[in-house]
Chemist: 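Below is a structure I'd like to ask you about.
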Amino acid sequence: MNADLHCHSTVSDGWLAPAELVRRAAANGVTLLALTDHDEVGGVDEALATAAECGIRVVPGVEISVSFRDETVHIVGLGIDHRHPALVAGLMQVRRGRSARAARIGEALAAAGIRGALEGARRFARNPELVSRAHFARFLVTTGLMPDVATVFRYYLVRGKPGFVEHDWARLEDAVGWIRAAGGVAVIAHPARYRYSEAEMDELFDRFTACGGEGVEVVTGAHSDAEAARFATVARQRGLLASRGSDFHGEKESPIDLGRCRSLPPDLAPVWSRLA
Ligand code: AMP
Ligand code: MN
Ligand code: MN
Ligand code: MN
């Protein structure tokens, strides 16, 4: 089993179309893939259709943006019915907020002397409802101002920098509720990325499990080995299902290719045991 349960297509901020992503995963030896675009399930049907051609299994997924304690937290939903009305309506509402936020990011960058950023970001976004900071970063690289996307984030797009704007994403309980209503398993994505104290991290996991969240990403492209070990312990202590995913966005931007993550510690209960 080579499960990769977190990746992005052009339907959000990935570089590959859903079909290309599935083919690349198959070529890399992935046997079970979840497409988890940000706040959007528009690529799932194409991914499912392509899976049938390449002999790999695809499960519908999503990565929902949530605001929790002054931080943006990502909740991955796996094995969802991507047509479920509550999920579809919830995601539409999150995307509406995203469009308004993109306009504010454009204004903030203009105030910092960078003109045309919203239009520039939109040119990189294949889905007009899904402009992400990654698209702004790609535009800023083309201006020659910054050498690469990671540097743009550091100087412009993170909290405290000129292109960062505060935003209210979905509530944790709502995001988990939409995923569960759609028959999916909710998973906390890349927990080591959240700048929380230990007490805040505990509170996130408490609230997440209280509303029906069941899993945590232990192995992800965003975790070091030490961070994976930390959240393997959390999974054991809390009896959570463990997930594994590259968070692949594209060759140039992702440290780990599809299906190339480390294995989960063998004593953990893998989330794919629930994705029948
Ligand atoms: P957004 O959902 O619009 O806030 O954008 C978040 C996305 O930006 C993430 O999913 C990544 O694709 C990308 N991103 C966030 N932080 C960084 C970073 N430090 N370097 C490169 N890409 C990043
Ligand atoms: Mn992304
Ligand atoms: Mn994420
Ligand atoms: Mn992601």
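Note that ligands are numbered from 1 as they come in the structure, with each ligand's atoms numbered from 1 the same way.
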Chemist: Please determine if the Mn ion (ligand 4) has an N/O/S atom from His6 lying under 2.8 Å away.
Modeler: yes

Chemist: Just by distance, no angles: are the side chains of Asp37 and Ser9 close enough, under 3.5 Å, to form a donor-acceptor pair?
Modeler: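 Short answer, yes.
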
Chemist: Are any non-hydrogen side-chain atoms of Leu32 and Asp4 less than 4.5 angstrom apart?
Modeler: no

Chemist: Would you mind checking if Glu71 and Arg69 are paired as a salt bridge, meaning a charged N to carboxylate O distance below 4.0 Å?
Modeler: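 No, Arg69 and Glu71 are not salt-bridged.
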
Chemist: Could you say whether the N/O atoms of Asp13 and ligand 1 ever approach to under 3.5 Å?
Modeler: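 For ligand 1, there is an N or O atom that lies under 3.5 Å from one belonging to Asp13.
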
Chemist: How about Glu40 and His82: does a side-chain donor come under 3.5 Å of a side-chain acceptor?
Modeler: no

Chemist: Identify which protein N/O/S atoms are less than 2.8 Å from the Mn ion (ligand 2).
Modeler: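 Short answer, with waters excluded from the count: Asp13 OD1, Asp13 OD2, His38 NE2, His249 NE2.
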
Chemist: Hey, are Asn2 and Arg244 close enough side-chain-wise for a donor-acceptor pair under 3.5 Å?
Modeler: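 Note: Arg244 and Asn2 side chains meet the donor-acceptor criterion.
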
Chemist: Between Arg24 and Glu251, does any NZ, NE, NH1 or NH2 come within less than 4.0 Å of an OD or OE carboxylate oxygen?
Modeler: yes

Chemist: If you count the atoms of ligand 1 from 1 in the order shown, which ones are under 4.0 Å from a heavy atom of His38?
Modeler: 10 (O)

Chemist: Cut-off 3.5 Å, side chains only: do Thr220 and Asp247 have a donor facing an acceptor?
Modeler: no

Chemist: Heavy-atom distances under 4.0 Å decide this one: backbone, side chain, both or neither, for His249 against ligand 1?
Modeler: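 Only the side chain of His249 comes within reach of ligand 1.
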
Chemist: Do His167 and Arg104 meet the criterion of a side-chain donor-acceptor pair at a distance under 3.5 Å?
Modeler: yes

Chemist: Can you figure out which of Phe136, Phe164, Phe153 has its heavy atom closest to atom 20 (N) of ligand 1?
Modeler: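 That would be Phe153.
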
Chemist: Under a 3.5 Å cutoff, is there a donor and acceptor pairing between the side chains of His223 and Glu217?
Modeler: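 Judged by distance alone, the side chains do not pair up.
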
Chemist: Looking only at protein heavy atoms, which one is nearest to atom 6 (C) of ligand 1, and how far off is it?
Modeler: Arg133 NH2, 3.7 Å

Chemist: Please determine, by modelled atom types, if Asp13 and His38 share a side-chain donor-acceptor pair under 3.5 angstrom.
Modeler: yes

Chemist: Is Arg101 in contact with ligand 1, taking contact as a heavy-atom separation below 4.0 Å?
Modeler: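 The answer is yes: ligand 1 sits under 4.0 Å from a heavy atom of Arg101.
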
Chemist: Against heavy atoms of Arg98, which atoms of ligand 1 measure under 4.0 Å?
Modeler: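 Ligand 1 atoms under the 4.0 Å threshold to Arg98: 1 (P), 2 (O), 3 (O).
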
